[in-house]
Each structure stands twice: as C-alpha cells, then as structure tokens.
Protein chains: 2
Amino acid sequence: MSLLPKTARGEHSRAAIFEAALALFQERGYEATTMRAIAERAGVSLGSSYHYFASKEHLVLEFYRHTHQLHLVAIGPLLARERDLAARLRGVIRAVVVTCEPFHAFAGAIFGTVANPVSPLNPFGKDSKALRDEVIELYAEVVKGSDARLPDDIVTELPTLLWLYQMGILYFWIFDKSPGRLRTLEVIDQTTELMVRLLGLANLPVLRGSRKKILSLVRSVAQGA
Amino acid sequence: MSLLPKTARGEHSRAAIFEAALALFQERGYEATTMRAIAERAGVSLGSSYHYFASKEHLVLEFYRHTHQLHLVAIGPLLARERDLAARLRGVIRAVVVTCEPFHAFAGAIFGTVANPVSPLNPFGKDSKALRDEVIELYAEVVKGSDARLPDDIVTELPTLLWLYQMGILYFWIFDKSPGRLRTLEVIDQTTELMVRLLGLANLPVLRGSRKKILSLVRSVAQGA
DNA sequence: ATTGCAACTTGAACGTGTTCACTTTTACTG
DNA sequence: CAGTAAAAGTGAACACGTTCAAGTTGCAAT
C-alpha cells in the first residue's frame, strides 16, 4: 500500500526516497539498484520505502510523473509561440527525448516493465490512467493550438494516436546508440513531416473511404484498451 | 549457461523441464510458477533446470519456438491453396491468435519480458534473432506466394512490417477480454483488408512521394534495430 | 576391467523484492 | 499537560530466481 504523506516529516521522507532512487538508477541502472540501497541513501529503513511506494516499479511511475513535468516546462514557450502543426509536433516530440536524455542509460530496463500488461505501470492500466490522460490532453493542445484545419473525426482521435506515436519514438530512442541520439531526432523530423503530409491528404476522394475505416478502427482499438 | 543435451538422458530431462514449465504456466500463470515447482514436476533438481535453460525467461523463448511450430503447421494448407494476398494475410494472422489461444491467460505476463529491451527475449536482441528471422521469412512467403503485384521496394520491406504488425495484434489480443476473442479477429479482418487496400493505392501519383519517404524511413528504422 | 573425461545432477547458499507485527513519533483533543 | 489515535518508522523473516562447487553417471579408449 503506497500512501501519500500527511505530515511534513512524511513529505520529506517520500521526497528523499524518490531522490535517492533517481540518483541510484542513474548511477547503477535500474536492476542493480536495490531497495535496500535506496533506503540507505534516503536515510530511512527498508520498510519505510514501502510505506510510500507500493513497489520498486511504483518508483518508476513517480519517475514518469517527474519527466512529464520537465517536459511540460520545456515545451511551454514553443506551444505559446508556434502555430504550424508540423513544427509544434516536431518540437514537442523532440523535447520528449531531450528531456529523457539524462536517463537514457536505465530507460531500457524500465520500458519492459511499462509494456508488461500485468504491471501496474502498464500505460493502459489503472494506476497510470491519470498520467496517460494528462499526456493525451497535451497532444490535444498541440493539435488545437495549431492553425491546421482538420476534420472533426480526426481531431477527436489524433491525440491518442500521437500519444502512441510518442511511445513508439521512445522505444526507438532506447535502442538508439548513435552519438547525440541523432538518429532518433532524424526519425522524429521525418515522421512528423510525413504525418502532417498524410493528414493533408486525408480529404482526397480516393482516401476518404480508407480514412473512415481507419478512424473507426482506431476508435474500436482505443476503446478496447 | 543453457546447453543443448548431448545424450538421450539429457534430451529427456530437457523435454521434461519444458513440458512441466508449460503445464504450470497454464495452470498457475507465469509468475506464480516457481523454478522449484518446475523442477519438481519434471522430476529433476533445481540446478538441472538451469543446466538446460539459462533462466526462467529462456523457458519462455522455448515456448515461442513451440508456438511458432504450431503456427507453421496450422497455416500450411492455406498457404498452399490460397493466392489472394488479403486472404493469405488474414488467415495467417488469425492462425497466430488461434494457435496462442490456449496460452492467453499467461501471455500477458510474458509480453512484458519480451518488450523489455534489456531482456534476452527482446525480439530485437541476439538470442531471439534466429526465431525472428524465421517469422519474417514466413511473411516473405506470404507475400511472394500471392498473386498481388507489388513494387519491388515494398516487397523488400513488407515482411518486416508484417512481423511488427503481428506483434501489434498479439499485444491487442492480450488485452482482449471479449468472448471467443472476437474483437481481435474483427480487428485482424479490418486491418488486413485496409493494408491490402493501401498497398493497392501505393502507386497513385499523390502518394508516390510519401511512399518513397515511408520506405526510406522503414529501412532506416529496421536497420537501427 | 580400469581409467579418464565429459555430460549430467545436486541442493545449500546468496541477494533480491516484499510483507508484517511491532515500536516510536507526531499532532490534536479535553 | 495527559491521553490517544493516526502517521511514520523499523528490521527480521519469507519466497523467489539464480549461482556454484561438488558429486554421480555412462561410455569410449586403453
């Protein structure tokens, strides 16, 4: 049972535990970091860690919230200034990998847990719903704040698709060993441009039938999860 | 260190361990099955299990090989008879989920391990290369054996894309709680039809530019992994 | 038959994440 | 201030996956 602290002392402990975990994850990697080491560095007992975080995996969930906040801060100016959809998308997704760069070394170990349908961290699950909705809402903002004219049915489903797209990019980024993670940045530039191009074609007569089918499919799949 | 058996006795032990693991995974699920329980049911010691399988996860890799064999047997007649690409695709992918149906209950627990970039089971990794190549080769056969006329550049990249598509379907299938897994079958029918339709459109002038870009992107991504 | 050696087998021991019955501290009430 | 209940904290104990040094088996060569 993971509890929110109700006293100043509790808040301090919880923060110390998370900070110790984050530091150790970066120093040694996720698996080499033991709960005992985290507790020791945080200056609390092993049992106390479990008072605030239900499991080692839940520390990772907190890590996601943390990077999401960093991401939001990083893209604030861009979203306020830029109106072109392709540029907004490119900037936001680029900011994701830039924000996560300091954690690249242990991100791989974490992704497995996240993709695990059984894990409490799995993006389609209950524990991560709040954060998921926040991220999807962010992409709704990316679309709505642009000057692109898109059909309503697309506007409805696009944020969820962009959320999935972001996860795909992160998965690629994890494997990316190129210097400065340049390959990932290239892929981001190409895919965002391509997506916006295809969105522009969505009203072509030959494609309208497919578009309806695709959107109906997307709705059906999104609802299932 | 996981070793292949060199004597009849060794083969018997290895088979017994795998069969015990498979049975227990089905009865209790992946995580509730302990290596001790597997060893006990197989009639060997705990240490012997590790003589043939480097880890609990490697038992899952063997499980993949097993289901792949079942899948190959199941689709043999279809591939020999049917020439229509959409029908071949639909049949092959449907056969995947039908073959895996008996293992649905514990498939979820396994997928996390598979998606984990750090795990030896991760599909892009070394240990699973042989099996991955086999599956991609299967989809090459699905495409080549059809009467569809596709541009060479597409024929080259399509098998890998279909392999990825199959994994996507399996991920959806894991979450599917509908009776008889009907939703998954529906999604398969819709997506295969859609894909073949889009492949037919790939030569349209408006799309040719995008197609080149998409294929170049696919090549770049596939090579990265 | 004896030897030698590789294949095979064993289970105690290690470090891990997690649990839980218990103690200590904190904050509030009368 | 005393009392008390909630919050915070503790560490021994548990079951697990994994390792390893030592043991046993079977067979080919001498």
Side-chain angles (χ1 to χ4, degrees), chain A residues 1-18 20-21 24-25 28-63 106 109-110 112-114 116 118-121 127, chain B residues 1-18 20-21 24-25 27-63 106 109-110 112-113 116 118-121 127:
Chain A
M1 192 69 71
S2 99
L3 298 171
L4 286 179
K6 314 237 169 174
T7 70
R9 188 190 179 196
E11 267 172 48
H12 180 265
S13 289
R14 198 187 126 99
I17 292 162
F18 175 64
L24 286 170
F25 287 164
R28 314 181 188 176
Y30 177 69
E31 304 185 353
T33 299
T34 70
M35 291 298 284
R36 285 165 181 81
I38 293 171
E40 188 180 4
R41 176 172 299 205
V44 302
S45 73
L46 180 58
S48 262
S49 300
Y50 285 91
H51 189 73
Y52 295 106
F53 299 96
S55 71
K56 193 178 176 185
E57 296 189 352
H58 279 81
L59 278 164
V60 176
L61 188 55
E62 187 73 14
F63 164 73
F106 73 94
I110 282 175
T113 316
V114 174
N116 191 331
V118 168
S119 160
L121 268 67
D127 290 11
Chain B
M1 191 70 72
S2 98
L3 298 170
L4 285 179
K6 314 237 169 172
T7 69
R9 187 190 181 195
E11 268 172 47
H12 180 266
S13 288
R14 199 187 127 100
I17 292 163
F18 175 64
L24 286 170
F25 288 164
E27 285 173 27
R28 314 181 188 174
Y30 177 69
E31 302 183 357
T33 298
T34 69
M35 291 298 284
R36 285 165 179 81
I38 292 171
E40 188 179 5
R41 176 171 303 203
V44 303
S45 74
L46 180 58
S48 262
S49 300
Y50 285 92
H51 188 72
Y52 296 106
F53 299 95
S55 72
K56 195 179 175 184
E57 296 188 351
H58 279 79
L59 278 163
V60 175
L61 188 55
E62 187 72 14
F63 164 73
F106 72 95
I110 283 174
T113 315
N116 192 329
V118 168
S119 160
L121 267 68
D127 289 12

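The structure presented is a predicted model; accordingly, all values stated were derived computationally and were not measured. Throughout, a chain's letter reflects where its sequence line sits, starting with A, and its residues are numbered from 1.
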- Query: On DNA chain D, nearest-nucleotide positions of B:A32 versus B:R9: which is more 5'?
  - Reply: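 Looking at DNA chain D, the more 5' nearest nucleotide goes with B:A32.
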
Side-chain N or O of [X] less than 4.0 angstrom from OP1 or OP2 on [N]?
X	N	value
A:R14	D:dA8	no
A:S13	D:dG9	yes
A:H51	D:dA8	yes
A:Y52	D:dG9	yes
A:T7	D:dA8	yes

- Item | Options D:dC16, C:dG11, C:dA27, nucleotide nearest the side-chain atoms of B:S45 |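 Looking only at side-chain atoms, B:S45 lies closest to C:dG11.
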
- Message: Side chain of A:L46, heavy atoms from C-beta onward: which of D:dG9, C:dG11, D:dG11 has the nearest atom to it?
- Response: D:dG11

[X] has an atom [atom1]; how far is it from atom [atom2] of [N], in whole Å?
X	N	atom1	atom2	value
B:I38	D:dC16	CD1	C1'	12 Å
B:R28	D:dA15	CZ	C1'	14 Å
B:K56	D:dT19	NZ	P	15 Å
A:K6	D:dA5	NZ	P	18 Å
A:E31	D:dT18	CD	P	11 Å
A:E40	D:dG9	CD	P	17 Å
A:L3	C:dT19	CG	P	13 Å
A:H12	D:dG9	NE2	C1'	14 Å

- Query: Heavy atoms under 4.0 Å, any strand shown: does B:T33 hit a base, just sugar-phosphate, or nothing?
  - Reply: sugar-phosphate

- Message: Which is more 5' along DNA chain C, the nucleotide nearest A:T34 or the one nearest A:G47? Just name the residue.
- Response: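 Upstream on the strand: A:T34.
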
- Task: Decide yes or no for A:Y52 and A:F18: does some side-chain heavy atom of the first lie under 4.5 Å from some side-chain heavy atom of the second?
- Result: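 SC-SC contact between A:Y52 and A:F18 ruled out.
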
- Compare all side-chain heavy atoms of A:Y30 with those of A:F63 and state whether any distance is below 4.5 angstrom. no

- Task: Determine whether the side chains of A:S55 and A:H58 contain a donor N or O and an acceptor N or O closer than 3.5 Å.
- Result: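 On atom types as modelled, these side chains qualify, holding a pair under 3.5 Å.
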
- Query: Looking at C:dG15, does its base get a donor-acceptor pair with the side chain of A:R36 below 3.5 Å?
  - Reply: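 For A:R36, whose side chain was compared with the base of C:dG15, there is no donor-acceptor pair (under 3.5 Å).
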
- Query: Counting heavy atoms not belonging to B:E27, are there more than 12 under 6.0 Å from its CD?
  - Reply: yes

- Message: Walk me through whether A:L3 and A:R14 qualify under side-chain contact (heavy atoms from CB on, under 4.5 Å).
- Response: CA-CA 10 Å; A:L3 298 171; A:R14 198 187 126 99; over 6 Å; no

